[in-house]
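Protein chains get the first letters and strands the later ones, always in sequence-line order, with residue 1 at the start of each.
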There are 2 protein chains.
Amino acid sequence: MSNDPAAPSVTPKAAYHHGDLRAQLIAAVRDLVETHGPDGFSVAEAARRAGVSSAAPYKHFKDRHEILRGVVSEAMDRLRAAMEAGAEAHAYGSLEAVAAVGQAYVDFAKDEPGVFRLVFGLTEGHENAPDLLAKGEGCFGVVVHAVAARLDLPPADPDVQRRAYMLWSFVHGHSFLTIDMKHKVAAAEIDDWDYLMTISHAILAPTGS
Amino acid sequence: MSNDPAAPSVTPKAAYHHGDLRAQLIAAVRDLVETHGPDGFSVAEAARRAGVSSAAPYKHFKDRHEILRGVVSEAMDRLRAAMEAGAEAHAYGSLEAVAAVGQAYVDFAKDEPGVFRLVFGLTEGHENAPDLLAKGEGCFGVVVHAVAARLDLPPADPDVQRRAYMLWSFVHGHSFLTIDMKHKVAAAEIDDWDYLMTISHAILAPTGS
DNA sequence: TGACGAAAGTTAGCACCTTTCACATATGTT
DNA sequence: AACATATGTGAAAGGTGCTAACTTTCGTCA
């Protein structure tokens with residue numbers, strides 16, 4: 001790459017080993033999943049979009065499943081980052097910080113319903129991929145951390161774990177129902193933030209049962 | 001074919017217009033979805049299991065999606081029946097009746113995780129199928145009914161709707177997390193019934209916020 | 001500098017799947 | 001008995017996943 005490896009046009013894609021196919025494929029698949037649903041994706045189409053032959057992806061991924069796992073992995077990174085950003089936007093240990101973690105989760109589902117569904121609809125992926133499992137734990141860890149801060153208890157405390165799980169299942173369900181049945185959610189006149197604050201308050205109330 | 005429609009062996013399947021292909025296909029697909037995941041199903045394989053050519057299914061279903069929608073429709077019928085049975089197993093208007101509706105929901109997810117995921121993972125299906133929408137409403141209606149009975153309010157009451165939605169999102173999320181991340185649920189030592197009773201109690205408490 | 005091996009792409013090809021089309025066969029209605 | 005209809009079959013087109021064998025490019029080390 002001394003001067004220009006045949007630099008022809010504006011986009012730096014013309015190299016015939018064109019650099020970052022892997023990333024471009026993941027981006028293409030993410031887009032396909034988002035627009036055509038988790039099923040309406042094909043390796044061939046992704047390759048077409050990246051401008052390579054339909055066999056090229058297999059130099060970077062073993063399976064079509066591995067591509068999807070790549071998308072999921074990348075999505076989980078973003079999800080976790082969003083959750084952490086949500087928490088850090090409010091005072092440490094505050095109820096708002098807890099709710100903000102949930103809000104980030106819901107926002108993600110709304111912004112990328114296809115990818116969100118993919119992340120949690122991957123049946124065979126989960127068993128085969130310890131890294132995805134780890135990232136899932138990481139996301140849950142953000143919830144646990146916020147709850148622990150709020151209750152002023154160590155994250156490993158069983159009560160913290162339990163309440164964090166409750167919160168998560170609530171937010172998870174609300175996210176799914178929001179993207180699956182918008183009309184129902186609209187009918188119930190749910191405002192996300194109110195909802196999340198109410199729930200957080202209820203679950204983190206001093207005495208358990 | 002006067003006496004017996006060619007009754008040859010034990011199974012009544014030998015008629016070459018063999019009666020209920022549609023139902024048999026749905027059963028086959030349900031099984032495939034359950035064992036090989038929502039993706040690992042093919043019309044061809046289902047036809048093979050039903051003992052017909054791979055073109056036969058298209059006499060009963062327009063698409064492969066329509067077959068899946070058939071499975072979903074049938075599953076929703078069973079889900080609703082289970083929820084209603086759960087409610088009716090306890091005193092009308094009791095908290096237990098509410099929790100039992102949720103328990104039926106969770107049990108369904110545990111018993112048929114593949115189908116459960118299919119029901120709520122169908123993106124394109126939902127838009128195109130008003131009957132599925134209606135059945136979804138029907139299931140939600142069971143929750144609403146139980147909540148209304150508990151609160152002694154009409155089902156159409158906004159407060160009833162809102163609390164029913166809250167309950168549903170909780171149960172929905174718990175169901176998904178249960179089948180997706182069993183280990184996490186186990187780690188949090190969640191007992192379904194305790195959990196559901198706790199949640200129901202919290203959500204149906206007299207004053208809202 | 002230039003030979004070489006690994007990385008990353010290509011084309012060709014098989015097996016399978018979806019869907020359609022033309023055709024065959026049972027059903028039942030009049 | 002005849003005909004329309006519902007339900008089956010086989011063949012074929014087009015797409016997809018994945019592999020194999022070949023080619024090009026890149027970095028590296030004598």
side-chain contact (heavy atoms from CB on, under 4.5 Å) partners of B:Ala109, counting only residues at least two apart:
B:Phe116, B:Ser175, B:Ile179
note: B:Asp20, atom CG; D:dA6, atom P; distance rounded to Å ~ 18 Å
In whole angstrom, what separates A:Asp39's CG from C:dT18's P?
12 Å
Distance in angstrom units between B:His36 NE2 and C:dC17 C1', rounded
15 Å
Please list, chain by chain and in numerical order, all residues satisfying salt bridge (Lys or Arg N to Asp or Glu O under 4.0 Å) with A:Glu34, sequence neighbours excluded.
none
Ring centroid separation A:Phe170 to B:His174 under 6.0 Å
no
What integer distance in Å separates A:Phe61:CZ from D:dT19:P?
15 Å
Here the distance between atom P of C:dT18 and atom CG of B:Leu32, to the nearest Å, is 11 Å
What is the distance from NZ of B:Lys59 to P of D:dG10, rounded to the nearest Å?
14 Å
How would nucleotides 11-18 of chain D be written as a contact map, 5' to 3', with B for base contact, S for sugar-phosphate-only contact and - for no contact, using protein heavy atoms under 4.0 Å?
-----SSB
Which residues pass the side chain to side chain donor-acceptor pair (under 3.5 Å) test with B:Tyr105, sequence neighbours left out?
B:Trp168, B:His172
Residue pairs involving residues 95-111 of chain A (criterion salt bridge (Lys or Arg N to Asp or Glu O under 4.0 Å); sequence neighbours excluded):
A:Lys110-A:Asp192
Residues in side-chain contact (heavy atoms from CB on, under 4.5 Å) with A:Arg78, at least two apart?
A:Arg30, A:Glu74, A:Ala75, A:Phe108, A:Glu112
State whether B:His60 places a side-chain N or O below 4.0 Å from either non-bridging phosphate oxygen (OP1 or OP2) of D:dG8.
yes
